[in-house]
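Structure record follows, encoded as structure tokens.
Model, not experiment: these values are computed from the prediction. Order of listing sets the numbers, starting from 1, for every ligand and every atom in it. Atoms considered below: every heavy atom in the structure, side chains included; atoms not considered: hydrogens, waters and symmetry mates.
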Amino acid sequence: MSKSTSKDQSSKVYLVGAGPGDLGLVTLRAKECIERADVIVYDHLANPEMLSWAREEAEIIYAGKKAGQHAFSQEEINKLLIEKARAGKEIVRLKGGDPFVFGRGAEEAKAFVDAGIAFEIVPGITSAIAGPAYAGIPVTHRAENSHVTFFTGHEDPSKTKSAIDYAALSKLGGTQVMLMGVERIEAVAREMMANGVRGDLPVALVRWATTGRQETLTGTLENIAKRVAETEFEAPAVAVFGDVVALRKDLNWYERRPLSGKRIVVTRTRKQAGALTAQLRALGADVLELPTIRIEPPTDLREFAELVQDAHQYDWIVFTSPNGVDAFFEIFYKLYDDAREIGGAKIAAIGPATAQRVRDFRLHVDLQPEEFVAEGVVRQFQKQGGVENLRILLARAEKARDVLPKELSKLGAIVDEAFAYRTVPETRDITGARRRFLEEGADLITFTSSSTVEKFLDLGLPWPKGMQVASMGPITSKTASDRGLKIDIEARRHDIDGLVEAIRKFFETKNVE
Ligand code: SAH
């Protein structure tokens with residue numbers, strides 16, 4: 001063991017269970033580790049959405065193994081992790097489910113021991129239990145099954161040296177949960193029956209369990225392989241063998257929610273998508289967040305910082321978006337450690353979301369128009385006695401509309417524009433949502449503003465067959481139909497709740513038909 005590696009205080013590897021897929025099933029400890037990590041190495045089965053918890057600077061590495069196609073060999077992964085740890089980094093190794101349940105976590109941990117690198121294990125919720133639970137199947141039941149066995153179907157059961165003793169397994173009874181092995185289901189079922197298990201034993205396969213695309217296939221030991229072949233049921237799936245499967249008939253809660261089985265696209269920026277995504281998911285939808293733009297620092301950050309520094313010299317600071325507020329205060333609190341440095345400047349906000357963000361920083365909003373557009377701000381200023389000779393600082397996006405500076409200047413104000421951020425097309429696909437959209441299509445796309453329509457169409461992605469359109473309101477709908485789209489759903493109330501309600505109703509009536 002070399003001294004330099006073991007003495008490095010900050011270097012540590014966290015072997016973290018990412019849970020079975022549902023973001024809500026990640027432990028608090030896992031989230032904390034992700035938020036702090038310098039390097040994150042993640043697997044095919046770890047939900048990549050949790051990567052949005054990572055720091056901007058974190059290095060994110062996909063070490064995925066899809067069946068058949070190995071991105072990295074186990075040795076390469078071990079080598080990579082050790083190398084990064086030796087460079088003094090804090091590393092999170094994210095593994096689907098629990099790292100010690102068929103996850104090769106032990107092999108990686110042993111490699112750290114051998115290399116003298118400190119590590120911690122963060123257990124996760126395993127798909128072996130959560131998968132059946134989300135299909136309405138308890139792995140044990142007082143009356144039905146009082147013990148449960150986990151085994152891997154990855155091995156070829158006809159192999160003479162199989163580690164699985166099918167005779168023992170079959171004799172054991174109880175609930176049997178198999179991970180990895182949809183492809184071998186026929187041989188596994190055959191082997192079980194050959195060892196005396198009854199052919200009508202209920203079997204269920206749950207694929208992509210706990211995610212929006214969960215699907216469950218049920219059958220019996222005798223016919224399950226045929227059903228898998230007929231429905232082209234594919235990995236990743238957990239298989240459950242046992243009488244508990246029959247309980248699903250009553251307990252199937254997850255797949256019966258109003259939007260189960262519907263794949264819905266959300267086009268807002270990642271930061272803003274949260275509320276809509278969460279509500280749709282709560283109703284069971286498989287949500288694909290496809291941000292079309294992303295917020296970047298302004299071209300001239302120095303100039304922006306200088307204006308922020310002088311903010312107290314203005315009579316008014318006008319914010320036109322929550323992003324502008326964030327960018328402003330991020331710099332402000334780097335320069336000052338006291339909110340009072342803002343001096344006597346009053347604050348105007350264009351709309352409720354912007355005003356809320358200002359209040360989040362514990363500052364009062366002095367002016368907010370009735371109509372949430374630039375013209376409304378101008379009118380409101382006039383109502384309050386005009387702006388003649390007032391010094392106004394406008395914190396806004398680069399390339400925004402000119403209405404505000406022009407009109408306010410016309411009315412005699414001295415206006416300075418502070419370019420707080422710029423929006424650029426989102427070309428990255430960190431979460432793999434774009435790839436899924438291209439490969440699997442979607443049932444519905446949601447537009448919450450004209451700009452989401454424009455920006456989405458500007459990406460030039462092919463339109464999946466049959467994908468319908470939901471719009472937040474008439475202005476958004478008009479932009480969409482001007483660009484050749486047909487609107488299937490328009491919210492009556494023009495906010496997120498209204499949009500979700502309209503979508504729910506739409507599918508409700510459709511399901512009845
Ligand atoms: N450590 C993981 C298992 C890794 S082995 C855990 O504790 O869950 C990989 C196998 O896990 C897959 O082949 C599949 O059988 C199962 N699996 C993992 N996530 C799954 C999911 N969301 N749905 C169904 N099966 C899953």
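A side-chain donor from one of D22 and Y134 sits under 3.5 Å from a side-chain acceptor of the other.
A donor-acceptor contact shorter than 3.5 Å is absent between the side chain of N78 and the backbone of E108. With E232 contributing its side chain and A229 its backbone, the two residues share no donor-acceptor pair below 3.5 Å. K89 places no side-chain N or O within 3.5 Å of a backbone atom of V39 that could act as its donor or acceptor partner.
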Give a table of atom pairs where an N or O of ligand 1 lies under 3.5 Å from a protein N or O.
from     : atom 1 : to   : atom 2 : distance (Å)
ligand 1 : 1 (N)  : G96  : O      : 2.9
ligand 1 : 1 (N)  : D98  : O      : 2.8
ligand 1 : 1 (N)  : V101 : O      : 2.7
ligand 1 : 7 (O)  : D98  : N      : 2.8
ligand 1 : 7 (O)  : T126 : OG1    : 2.7
ligand 1 : 8 (O)  : T126 : OG1    : 3.4
ligand 1 : 8 (O)  : S127 : N      : 2.9
ligand 1 : 8 (O)  : S127 : OG     : 2.7
ligand 1 : 13 (O) : M180 : N      : 3.4
ligand 1 : 15 (O) : M180 : N      : 2.8
ligand 1 : 15 (O) : A237 : O      : 2.7
ligand 1 : 17 (N) : S127 : OG     : 3.1
ligand 1 : 22 (N) : P20  : O      : 2.8
ligand 1 : 22 (N) : A209 : N      : 3.4
ligand 1 : 22 (N) : A209 : O      : 3.1
ligand 1 : 23 (N) : W208 : N      : 3.4
ligand 1 : 23 (N) : A209 : N      : 2.8

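Under the salt bridge (charged side-chain N to carboxylate O under 4.0 Å, His left out) criterion, the residue pairs touching residues 117-126 are K12-E120, R29-E120, with sequence neighbours excluded.
Of the residues listed (L283, D286, V500, D443), the one engaging L259 in a side chain to side chain contact (heavy atoms under 4.5 Å, CB included) is L283, and it is the only one.
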